[in-house]
S.K.: 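Have a look at this one.
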Amino acid sequence: MPDHNRSGGQILRVATSLSCLTGRPIKLFNIRAGRSTGGLRPQHLMGIQLVRDLCQGQLDRAQVGSTEVTFWPGKLKAGRFVADTKTAGSVCLLLQVALPCMLFADGEVSLQLKGGTNADFAPQIDYFEMVFQPMAERMGIGYTGSIKRRGYYPKGGGEVKIVTSPVKPHLQPITLLDRGQVTRITGKAFVAGVMPTKAKDLEKFKSQKYITQLS
């Protein structure tokens with residue numbers, strides 16, 4: 001059974017975004033309680049600080065290790081922003097908390113994200129590029145994304161640039177009833193370090209296994 005008295009990273013991101021969009025202050029407590037390294041980690045902290053900067057808000061007790069945070073949102077504004085986890089923390093989770101807010105700024109927002117582009121236990125930047133963005137465009141969301149450099153555990157060092165335009169006049173509903181037919185299966189492997197051969201062989205094995213399951 002889930003413990004509803006604990007605030008995980010996903011609750012933190014969603015709550016902060018909604019607070020920014022609605023203009024309602026929030027207080028979160030027991031953040032990541034029960035984890036081996038509880039409280040805010042660098043990527044969580046950078047995410048809520050980014051939203052604070054986007055809307056000229058205020059944060060209290062926002063520091064690494066903190067299990068309680070209060071956020072007072074302000075007014076969203078256009079401009080250029082930079083968010084750097086300084087670790088391999090996922091840039092995609094930064095985008096997840098920031099993008100909803102960016103879309104309702106009063107002009108174009110340019111965001112430079114630094115960290116891990118392909119991290120474990122987080123959406124991959126390729127998912128945002130190949131899956132999320134086409135769906136978002138159907139809802140009237142206009143943004144461009146470019147991968148300047150990929151970053152992996154443990155060093156990070158990836159860099160992604162996102163530019164958004166305001167949603168006008170509002171998000172468009174979409175209907176998805178037909179999933180369509182599989183027309184082709186492709187795969188990509190991105191390797192950092194000194195193990196390209198092992199990664200190539202692993203990709204080949206996984207691809208052949210998946211294709212066999214589908215046939």
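None of these values were measured; they are calculated from a predicted model.
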S.K.: With D106, which residues qualify under side-chain hydrogen bond (donor to acceptor under 3.5 Å, both in side chains), at least two apart?
M.R.: none
S.K.: Test of understanding: clusters of I, L, V, M, F, W, Y form through side-chain heavy atoms closer than 4.5 Å, transitively. Do L12 and W72 belong to the same one?
M.R.: no
S.K.: Working to the nearest 0.5 Å, report the span between CD of E108 and OH of Y143.
M.R.: 15.0 Å
S.K.: For M130, does the CE atom sit with more than 12 other heavy atoms under 6.0 Å from it, leaving out its own atoms?
M.R.: no
S.K.: In Å, rounded to the nearest 0.5 Å, how long is the span from CG of L76 to SG of C101?
M.R.: 6.0 Å
S.K.: Going by atom type alone, with no hydrogens or angles, which donor-acceptor pairs under 3.5 Å involve a side-chain atom of residues 156-182 and a protein atom two or more places apart or on another chain?
M.R.:
{"residue": "E159", "atom": "OE2", "partner": "Q112", "partner atom": "NE2", "Å": "2.5"}
{"residue": "Q172", "atom": "NE2", "partner": "H170", "partner atom": "O", "Å": "3.3"}
{"residue": "D178", "atom": "OD1", "partner": "G180", "partner atom": "N", "Å": "2.9"}

S.K.: Should Y127 and I125 be regarded as members of a common hydrophobic cluster, given that ILVMFWY residues are connected when their side-chain heavy atoms come within less than 4.5 Å of each other, either directly or indirectly?
M.R.: yes
S.K.: Just how far is it from atom CZ of R150 to atom OG1 of T117, taken to the nearest 0.5 Å?
M.R.: 5.5 Å
S.K.: Going from CD1 on I26 to CG on L18, what distance comes out if it is rounded to the nearest 0.5 angstrom?
M.R.: 8.5 Å
S.K.: Just so I know, are the side chains of V97 and V14 near enough to count as touching, which here means a heavy-atom distance under 4.5 Å?
M.R.: no
S.K.: Per the salt bridge (charged side-chain N to carboxylate O under 4.0 Å, His left out) rule, what does the pair list look like for residues 127-138, sequence neighbours excluded?
M.R.: none
S.K.: Pairs under 3.5 angstrom only: tabulate donor-acceptor contacts from the side chains of residues 87-96 to other protein residues two or more places apart or in another chain.
M.R.:
{"residue": "T87", "atom": "OG1", "partner": "T85", "partner atom": "OG1", "Å": "3.4"}
{"residue": "T87", "atom": "OG1", "partner": "G89", "partner atom": "N", "Å": "2.9"}
{"residue": "S90", "atom": "OG", "partner": "C92", "partner atom": "N", "Å": "3.1"}
{"residue": "S90", "atom": "OG", "partner": "L93", "partner atom": "N", "Å": "3.3"}
{"residue": "Q96", "atom": "OE1", "partner": "Q10", "partner atom": "NE2", "Å": "3.0"}
{"residue": "Q96", "atom": "OE1", "partner": "R13", "partner atom": "NE", "Å": "3.0"}

S.K.: Considering only distance and modelled atom types, tabulate donor-acceptor pairs under 3.5 Å from the side chains of residues 44-67, sequence neighbours left out.
M.R.:
{"residue": "H44", "atom": "ND1", "partner": "R41", "partner atom": "N", "Å": "3.1"}
{"residue": "Q56", "atom": "NE2", "partner": "K75", "partner atom": "O", "Å": "3.0"}
{"residue": "R61", "atom": "NH1", "partner": "E68", "partner atom": "OE2", "Å": "3.0"}
{"residue": "S66", "atom": "OG", "partner": "R61", "partner atom": "O", "Å": "2.8"}
{"residue": "S66", "atom": "OG", "partner": "E68", "partner atom": "N", "Å": "3.3"}
{"residue": "S66", "atom": "OG", "partner": "E68", "partner atom": "O", "Å": "2.8"}

S.K.: Under the side-chain hydrogen bond (donor to acceptor under 3.5 Å, both in side chains) rule, what pairs show up with a residue in residues 17-26, not counting sequence neighbours?
M.R.: none
S.K.: Mind checking salt bridge (Lys or Arg N to Asp or Glu O under 4.0 Å) for K86 and listing every partner two or more places apart, or none if nothing turns up?
M.R.: D84
S.K.: Using the test ring pair (Phe, Tyr, Trp, His ring centres under 6.0 Å), find all partners of F128 that sit at least two apart in sequence or belong to another chain.
M.R.: F132
S.K.: Quick one, T16 and V69 - any side-chain contact, counting heavy atoms below 4.5 Å?
M.R.: no
S.K.: Hey, could you give me the NZ/NZ distance between K114 and K148, rounded to the nearest 0.5 Å?
M.R.: 12.0 Å
S.K.: If hydrophobic clusters are built by linking Ile, Leu, Val, Met, Phe, Trp and Tyr wherever their side-chain heavy atoms come under 4.5 Å apart, do F71 and L99 end up in the same one?
M.R.: no
